[in-house]
Amino acid sequence: MKSNKKFPLTIFFTIILLTVVHFSCNKNDLNLPPPTASEASSFTTENDFKQGVIGVYAMLSDYYSSSNSGGGSGSAELETFFLPGDDLTNNGTEAYEDFGNAINPAEGKLSQIFTSSYIMCNRANKILQKIGEVKNGVYTTPNLKNYNKGELLFLRAFAHYMLWNLFGTAPLDTIVVASTAQLNPPSSKGTELLDQAISDLTEAATLLPSSWDAANLGRVTANSANGLLGKCLVFRGTAAKKTEDFTAAMTAFNKLSGLSLVANFEDNFDVAKENNAESLFEYQAGATINGSTNAWLSNDQADIGVASGYWQCFYNSTGTYMGGGLYTATAKLAGIFDPADPRLPYTLKTSDSTITKYILHDQSNGAVNSNNNARILRYADVLLLEAEATLQSGGSPATAISFINQVRTRARLMVGGGTQPADLDETVTDKNTIMQWIMDERLRELAAEGQRWFDLRRWTIGGILTLDNNFFSSITPTRIKFDPHHLYFPIPYSETDKNPNITQNTGY
Amino acid sequence: MRKKLLVAIIPLAMRLFVIQLLVLSTVLATYATNSNGQEILNKRVSISISNMKLKEVLHKIESFTDVKFVFSSKMVDVSKKLSLTVVDKRLGDLLNQLLIPYSISYRVLDGQIVLYTKDETITGSPDGAVPISGRVIDSLGTPLAGATVQVKGMDKKVITDSKGDFTLTGVPDGATLIITYVGYLDKEIKARDGMTIMLTSQNNGLNEVVVIGYGERRKKDLTGAFVSIGTAEIEKSTAVSPQLAMQGQMAGVGIISGGGDPSARPTVRIRGVSSFNYADPLYVIDGIPIEEGGAGATVDKTNDPTRRTSINLYTIINPSDIESITVLKDASATAVYGVRGANGVILVTTKSGKKGHMRVDADVIYGTQKVPKTYSFLNTQQYVKFITDAYNQNPFLNGTTPIPIGQASKFGAVWDPSSPSYLGNSPTYDWQDVIINHSAKVRNYNVRTSGGSDNTLYNFSAGYTKNDGPFLGVNVERYSISSNVQSKIGKYLETGLNLRLIQENTHEANWPGTNDLGIYQAAPWQAIYDKNNPYGYAALWKTNQPITPTTFDISPVWESASDAFVPVSNYLGEMATYTNPFVHQTLLGSGYVQLQPIRGLKIRGTLSGEQLTISNNSFTSFDNWQFGETPANPYSGIKNATPGVRYNSVGTGSSVTTSLNKSVNIDYTRTFGKHSIDITLNGSHEEMLWKTTGVSSYVNTDNPDLRYIHVTGNEYGYNELHGHYVLIGYLARISYNYASKYYLDVLTRRDGSSRFAPGHQYGTFPAGSAAWRISQENFMQSVRFINDLKIRGGYGILGNENTTGGWQYLSVASITPPAYNIGAPNTPAQGVAYNNFANTDLTWEKLYSGNIGFDAQLFNNLSLTIDYYHKKTKGIIQSVSLTPSAGIEVPADLNIADVLNSGIEVQAGYNRTFGMVGVNLSANFTTVHNEVTSLANHTAIRSLGLEEGLPIGFIYGYKAGGIFQDQKQIDDWNKSHKDKISTQQKPGDIYFQDLYGQPASGSTAHNTKPDSLVDANDQTFLGKTIPGFYYGFNAGANYKGFDLSIFFQGVGDVKKYNTIRAAAESMNTNGRNQWTTVLHAWTQDHPSSTMPRAVYGDPNGNNRTSSRFVESAAYLRLQNVQLGYTLSNRWAEKTKVFQRLRVYVSGINLFTITKYTGVDPENALNPTTRQYLIGINSSF
């Protein structure tokens, strides 16, 4: 009897013990190894950071390629800033050519460029956060940590610069969203977006190298940062009518080194002469891994689409997905050139107003996209900005005019014995005349490079220009329905629907 | 060091535990010792009672021993009261002392003590008449031991023995016997020697044991909302899917058949739809919660493909192996499954052996099935005229000149009545008929061996099922084997092993979406067969041979294949050039060891596992393109394709789910006086691994034996997806009752899930319920018509975590890496991006569930259960695109939406015998109110049928006003309206209602001020797709050996957008065939107020999503009629083979009453089949 009683007790205690053991050994089982690479498992090597930075650069494709990471299907965002200017026109019914009701908060491309800009910021913010936390020894290449940080600040600044130019009051984005409570940032005011860009670029300029080796060609440099910094300051100075910004811009431009105008204007649009001495910042387009560029796939994949989308706008008229056929030169653009100006044939074809810039020396790789870099900031632009900054900061008119003349001289000397464009008279002191010269020269020099709308916009905000329907020199003038509220494109519904802290721009 | 050692020992200990368990359960299953009734009678008891009725004394003895008494109140005289005190007395002696004075005898049968009045006929027979022998069985043929057999009008009674046999002497000729047995209906039958008497169980017998999840309860003791069905109901269904056996049978359980395809997944929704994500219930088979890889949200949210195949996983259970299915409906019932309980729980209990001689059951079902209804389509002559007329209403314009339909350049000569190849002269081809399998069969064979001694119970079964689908090429073939052994080892240990193996071969829809009535779309002139085509089917496309990779230039075979009227894919040709069989293999097993160290305490360790493998092998012939509407270059995707080589595509995929479940369960039951307590503690650990892989490539052979993928230069696809999931759960439940009168159940479950961020993994799910068995109160004793009445209520919190694939807390590197050209211009550098929102706060959806109801037994024959439920799901996981300014590309899973479900359920049963006729009736009825109460940003997502205040999945569209009968009506209408969708309004067109204006910026709320414009803003709620109520009722009768049952089920208050009609009455024809109803289209001469005019291109938008195509999908279906005959015992005995033999004929889905114009309100393309069956149930 006694042994019989012991038997169940032994088993009883054995089972209780096993139960305890069973659960104590399983407690940690809930923390399973993640199935995929994640932030938590990354940023342990320098390469993780390098790849993270590439991920931010890749977002430039959304601005300059024919497709974007969110939209796909040939939804070139560049339409939103290439088409509104008075340099390009289009015979379709495109919102950004016509203005009018078609530019509204539901407009898809606006939503895309808005979203893309913030994706770029978010990616930059995340890697910046990681660089801030990186332990010693992870970065092994000397200075690379600073360089990367400078690149990220530059790219974030560029996104803010684009947001200001398109929307004006879009929210700032300098944090990594960690909780849903941080999801609804308020509208920015005035030039806050430019303020942030200026602050980031000021820091970036101190971190970035003056140049990169061949293997890293195309990354931004101290020149890129100082150039864009100066440009942002000129923009803010114009919009806010702040003289000290123009002075500060001069300071930034004076830090530029090693830049010069290349002998031939056309080299700036030649696929074989990318990243030349005149270049400060380019979108690095290229043939892709499998050699094809599919405009209908997102650029966020390695085998497609790191390519320039303007090809479809200027050259290939087969599709309408960029908006109603070719982007052609306005009569205003065709007329502003002296017929002997050597830049003219490299800008447009007078016979049919088609754009030749980028196209003549292009290397198309596929029918839609081009692997010719889009030039975002080049020295000629800087010189003209310097002219403007000098003029507006109360500097010597002669000095201001001399900057313009540098640009004109290069153009003139492109052909042996060239006479046009002649130097402007450096003795003129009338500010309005000089400003008009600057504006006209910017149109000639920078036409079809995606700069013009931003210029028109800031000059109008700053009271230097007055825009009306006739100003845009459209191919179908009756369709233009410009109104001053178009200087601030509407904040897309995709944002306002969800974010209660946004104030819509007036007029929408 | 010590710690390390411990760490090393722990896994070893765990492994040993597992091994012990397996060894014990297998080896000891056959080990047995004897025990008999003497053991029970030798129990020692102490009891002190004063002035108590005998009945109460017996209950009291029950309460402190584990002895059960079986007796009829009629037998035990309860009026006299007695007092006595005994200490440590043998139970047998005590019973003698108690019962002899009342002339009551007892016998121990199956562990129960059966009381009966002393039967003098056993001891002697004064007139020496020939004795009458017989056997009493239940409806399954199981002998009933301890039943009372009485001669009507006489004092002769006898109790059946353990084989259910009895012998009565001195029975006069023509006498009637009355047979009574607890839990069964009384039966009167004319006495005859050698008779077998079948008793019908009282469906709602209060002592019926119900499986409740981690335990069992007698029905009378339930406090939560449960509903169950047994073999009687399950056997009536011939479906391969066990879920369909529940359809219409259970209040609160809504089942929508997947249609005629036998392996299609039915939709099961318990008490409404509690989430708009994964709303499937949890299935627990013999205590093992089944995890299906790919069910619910998948792991990879960016590459989503739900790799869960379309095959119903639960076909792994052969319905004929099922003993009972219990559905847990309210929180107090389902909270034992915590985080997985929110959608309800379905407990499947398979058959196990019963004590007694070995018994063999063999069942056969054989029958035919077919599509119950087809569509009526235009024949070629009607079709050609119809299309010509419709086209002429709105022809293409060349400038301003209409292009006539016969114009050769646009249409080909086939539309020209003067041409010899005019379509109107073509024969009509019946496309619907050719797809139907006219010899579709249902075959089901099952054999089961079961039995047991006092210590060992066993059940082995094997089954074979082959069900064809209603359409060609669709079938399921299933082989199943199961084994279940339980064994007691000595006094304290019990062990069991349960194994189940399934092999299932499935041919589902051969070419995606074609093995159904969708084939109706083919034009009636379009030829089906072509003798000259190698496959025998008419191709749509031809090309110059040999075709080459780069010059794949095809032209249509059909001259009329203009851009206006294209033929439809020849599905039969596509099927002939494509196969994709699935093989489904499942191993399900569990073993346990149970220790009962002291009375009432059971400690059980269970190890169970499942492995589900679903694999498929697809083959697409190179020639497949010929038969499709939009042919693809068969060389596309092939690197270095060689002209002339036939590249056939092959694909293979597999999905393997492996899960292992370890659990320890401690249960303690004790009764102290009138207090009964049952404590259950459980700890479990489950791990599920899921892996799917798919490879596709090319082969150059047509030989089916050589279609496998090997390494060539032409692999073109490989993918793999993993899932990994762990759930740790702890459960504590205390059930208390006082005198079977007042009940209180409190339980809590704590679950830890790997799907959530560390620190956010554990959640607690409490529930409580109480019941008052009011009929036990003294004051109710005088209410004679109430036999039993219990009021109960409960409340609790449940979870649903299947709506997230997990890992949402990780900031993951995007699967497609971003790239940018740094350095060498043509070599993109690969980057990385972290594109999602790492939501560390994400948690399960929480369901707050309340239930109140009562169970009643009235008038001895009527059982009634009524429940009210109210369930609110909060924090439904909605995948939300975040504000763009967050810069987060991937939509994030947020706990954001709420849904309410409430309703009433009624379940009633009635059983009575009238003379020789036994009647049983049962009915159930459920109402569902479903409402989305909150959505992210209050923004309606109408494309998914989600809007606050409306039910999930509602139909959204325009409201048709009527049909313009003349131009004046059009002009009048246009004075105050403008239809922005219409480009042409003519008499015969529909006008749509202007209900709303432009909504406020950024809002999806309707602007209730109409704006005279009919545009997208005027779309509105057109109906709900979740039935407002569903019901079923069953009527059965038996007379002598015959039994008949008739079962109806239906749903009501539900709408469906009839997509088939929307296409088949579109009259906008692009060459698709139309229903013959379009012959009643509006014309000047024959105006219609319901069918608009026929016009090509639909310029008015008559076909926009509107109330025009919304129909009631309510139906009442005669689901099952069965007539059976059980051969008499005498005959069965004579065969010396059968113990029982029943043959029956059965019809399934015999008719459906509905206003729905499709072929089946449940599934309009793949209707549930009508079946005629013959079946045999036999026991040996």
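Each chain gets a letter, A, B and so on, in the order the sequences are listed, and its residues count up from 1. None of the values given here were measured: they were computed from a predicted structure.
Remark: Arg942(B) engages Glu947(B) in a salt bridge (charged side-chain N to carboxylate O under 4.0 Å, His left out) (not counting sequence neighbours). Under the salt bridge (charged side-chain N to carboxylate O under 4.0 Å, His left out) criterion, Asp751(B) pairs with Arg749(B), sequence neighbours left out. By the ring-ring contact (aromatic ring centres under 6.0 Å, His included) test, Phe756(B) pairs with Trp844(B), sequence neighbours left out.
Counting heavy-atom pairs closer than 4.5 Å to chain B, the top residue among Leu172(A), Asn122(A), Asn499(A), Leu163(A) is Asn122(A). No other option in Gly218(A), Pro105(A), Ser111(A), Gly52(A) has as many heavy-atom pairs under 4.5 Å with chain B as Gly52(A). Contacts with chain A were tallied for Ala838(B), Ala757(B), Ser881(B); Ser881(B) has the most, counting heavy-atom pairs under 4.5 Å. Between chain A and the residues Ala813(B), Pro884(B), Ala829(B), the most heavy-atom pairs under 4.5 angstrom are made by Pro884(B).
Interface remark: Asn275(A) contributes no atoms to any contact with chain B (heavy atom separation under 4.5 Å). For Phe114(A), the part lying near chain B is the side chain, with the backbone staying farther off; criterion is any non-hydrogen pair under 4.5 Å. The contact between Leu60(A) and chain B is made entirely by side chain atoms (from C-beta outward), counting heavy-atom distances below 4.5 Å. Contacts between Pro171(A) and chain B at a heavy-atom distance below 4.5 Å involve the side chain alone, from C-beta outward.
In this structure, Tyr283(A) and Tyr820(B) have tilted ring planes: the angle between them lies in the 30° to 60° band.
Using a 4.5 Å heavy-atom cut-off against chain B, the contacting residues of residues 173-181 of chain A are Asp173(A), Val177(A), Ala178(A), Ser179(A), Thr180(A).
In Asp213(A), the CG atom is crowded: over 12 heavy atoms of neighbouring residues, nucleotides or ligands sit closer than 6.0 Å.
Asn31(A) and Gln761(B) are linked by a side-chain donor-acceptor pair at a separation below 3.5 angstrom, with hydrogens and angles left out of the test. Side chain to side chain, Thr883(B) and Glu495(A) fail the donor-acceptor criterion of an N or O pair below 3.5 Å. A donor atom on one side chain and an acceptor atom on the other are found under 3.5 Å apart for Lys126(A) and Ser811(B).
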